Structure formats: structure tokens, C-alpha cells
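Data first, discussion second: the structure below is written as C-alpha cells.
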Amino acid sequence: EVQLAESGGGLVQAGGSLRLSCAASKFTFDEYAIGWFRQAPGKEREGVSCISSVISRTYYADSVQGRFTISSDNTKNTVYLQMNSLKPEDTAVYYCAVAINPVPERLCLGPVYDYWGQGTRVTVSS
């Protein structure tokens with residue numbers, strides 16, 4: 001069974017940076033779509049950034065465009081989310097997920113994703 005493990009969350013001041021990591025076992029990232037999602041207290045889960053080399057697509061939510069960067073290291077089977085210029089509204093639990101059959105027009109929609117990690121908490125103080 002596919003297993004995903006996020007790390008790198010923590011407490012940071014506004015304007016700071018964090019890099020989240022998602023390590024996968026039992027499959028290779030470059031065959032599927034990988035996404036970072038987040039859920040803040042009292043809010044719905046949202047797609048933050050998703051990538052798929054299979055369909056040659058990368059997505060960023062408008063709220064993080066220009067501040068966050070998704071990347072992968074296939075040799076380590078790890079996907080990263082570099083988060084810069086963090087804002088208090090970025091506070092959430094961040095999850096990575098894998099979609100076996102990515103769809104271009106739905107690349108960063110949660111229901112498309114088949115496997116999910118346990119999440120890592122990010123808190124941005126003002």
C-alpha cells in the first residue's frame with residue numbers, strides 16, 4: 001500500500017519560510033500526480049499546489065502563487081513545498097496526496113486523489 005509521510009511543519013513568524021517534505025513509499029512520483037492541500041480550522045480543504053509530469057501540469061492556488069514552489073526529487077521519492085513570505089492565513093494542516101489517474105482540468109481537486117498523508121501543521125504568527 002502507498003504510504004506518504006509529511007514533515008517540515010512548525011511555527012514561524014509572518015514573512016518567514018518553511019519547506020514541507022512528502023516522502024513516499026511503494027511507488028514513484030513521476031508516474032502520478034502529487035498534490036499539497038491544506039485545511040485551516042473551520043474551513044474546507046483546499047488545493048495549494050499540485051504537479052504531474054505525466055500530464056505536464058503544475059497548479060498553484062491564487063493565494064500562494066509567487067510565494068510557494070512545488071518540486072520533486074525522484075531519486076529520493078520526495079516532493080517538497082517551499083513556502084516563502086508566509087502569512088497568518090497560511091496557517092493550516094498541510095497534507096500531501098497522490099492521484100493515480102490525474103485529470104488536467106481537475107489536477108488540484110481533492111476527490112481526484114487516492115492516497116493521503118497524515119498531515120503536518122503549519123502555524124504562522126503575526
Side-chain angles (χ1 to χ4, degrees):
E1 182 175 327
V2 171
Q3 294 182 334
L4 303 170
E6 303 97 333
S7 61
L11 173 64
V12 64
Q13 288 188 332
S17 298
L18 284 174
R19 188 177 78 159
L20 305 184
S21 300
C22 174
S25 62
K26 301 188 179 182
F27 78 102
T28 53
F29 277 130
D30 60 359
E31 298 177 0
Y32 309 112
I34 312 301
W36 283 100
F37 297 80
R38 67 186 180 187
Q39 187 164 22
K43 295 188 177 181
E44 293 186 355
R45 182 182 62 197
E46 65 170 334
V48 175
S49 181
C50 301
I51 187 169
S52 174
S53 59
V54 174
I55 58 174
S56 301
R57 290 285 182 97
T58 303
Y59 167 91
Y60 292 97
D62 289 343
S63 58
V64 307
Q65 181 75 45
R67 300 188 297 123
F68 290 12
T69 303
I70 190 170
S71 63
S72 64
D73 184 340
N74 292 336
T75 64
K76 297 181 179 180
N77 236 24
T78 301
V79 171
Y80 304 97
L81 185 68
Q82 178 67 44
M83 306 187 296
N84 299 328
S85 303
L86 283 162
K87 304 176 181 179
E89 51 264 43
D90 294 319
T91 295
V93 177
Y94 284 70
Y95 301 89
C96 69
V98 170
I100 303 300
N101 296 302
V103 179
E105 62 272 19
R106 300 171 63 193
L107 179 59
C108 221
L109 294 181
V112 174
Y113 285 74
D114 303 285
Y115 300 98
W116 294 80
Q118 294 300 308
T120 185
R121 185 175 301 276
V122 172
T123 303
V124 184
S125 63
S126 58

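Just so it is clear, the values below take in all heavy atoms, side chains as well, and ignore hydrogens, waters and symmetry mates. Every value quoted in this text rests on a predicted model; they were computed, and no experiment measured them.
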Looking only at heavy atoms, which two atoms of [X] and [Y] are closest? And how far apart?
X	Y	value
Ser21	Thr78	CB-CG2, 4.1 Å
Ala33	Ser52	CB-CB, 3.7 Å
Gly9	Leu20	N-CD2, 3.6 Å
Ala14	Ser126	CB-CA, 4.3 Å
Glu46	Ser63	OE1-OG, 4.4 Å
Leu18	Gly8	CD2-O, 3.8 Å

> Taking the six-membered ring for Trp, are Trp116 and Tyr95 parallel (under 30°), tilted (30 to 60°) or perpendicular (over 60°)?
Replying inline: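 Plane angle over 60°, so perpendicular.
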> For the residue pair Tyr113 and Phe37, does the interplanar ring angle fall in the parallel (under 30°), tilted (30 to 60°) or perpendicular (over 60°) class?
Replying inline: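 Plane angle over 60°, so perpendicular.
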Working to the nearest 0.5 Å, report the span between [atom1] of [X] and [atom2] of [Y].
X	Y	atom1	atom2	result
Leu81	Ser72	CG	OG	12.5 Å
Asp90	Thr123	CG	OG1	11.0 Å
Arg57	Cys108	CZ	SG	12.5 Å
Ile34	Ile51	CD1	CD1	9.0 Å
Tyr115	Tyr32	OH	OH	8.0 Å
Tyr80	Cys96	OH	SG	12.0 Å

Are [Y] and [X] connected into the same hydrophobic cluster when the rule is that any two of I, L, V, M, F, W, Y join if their side-chain heavy atoms are below 4.5 Å apart?
X	Y	value
Leu107	Val48	no
Val12	Phe68	yes
Ile55	Leu109	yes
Val54	Ile100	no

> Would Arg38 and Val64 satisfy side chain to side chain contact (heavy atoms under 4.5 Å, CB included), going step by step from the backbone distance to the final call?
Replying inline: CA-CA 12 Å; Arg38 67 186 180 187; Val64 307; 4.0 Å; yes
> Above 12 or not: heavy atoms from other molecules or residues under 6.0 Å from CD of Gln118?
Replying inline: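 It does not: Gln118 CD has 12 such atoms or fewer within range.
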> Taking only residues two or more places apart in sequence, or in another chain, which ones meet Arg121 in a side chain to side chain donor-acceptor pair (under 3.5 Å)?
Replying inline: none
> If only atom types and distance count, is the side chain of Glu6 paired as donor or acceptor with the main-chain N or O of Thr120 below 3.5 Å?
Replying inline: no
> For Val2 and Asp114, what are the C-alpha separation, side-chain angles and deciding distance, and is it a side chain to side chain contact (heavy atoms under 4.5 Å, CB included)?
Replying inline: CA-CA 9 Å; Val2 171; Asp114 303 285; over 6 Å; no
> Please walk me through it: do Ile70 and Val79 pass side chain to side chain contact (heavy atoms under 4.5 Å, CB included)?
Replying inline: CA-CA 7 Å; Ile70 190 170; Val79 171; 3.9 Å; yes
>> Suppose we screen for ring pair (Phe, Tyr, Trp, His ring centres under 6.0 Å). Which residues come up paired with Tyr60, at least two apart in sequence or across chains?
In response: none
>> For a side chain to side chain contact (heavy atoms under 4.5 Å, CB included) check, start with the C-alpha distance between Arg67 and Met83, then their side-chain angles and the critical distance, and finish with the verdict.
In response: CA-CA 6 Å; Arg67 300 188 297 123; Met83 306 187 296; over 6 Å; no
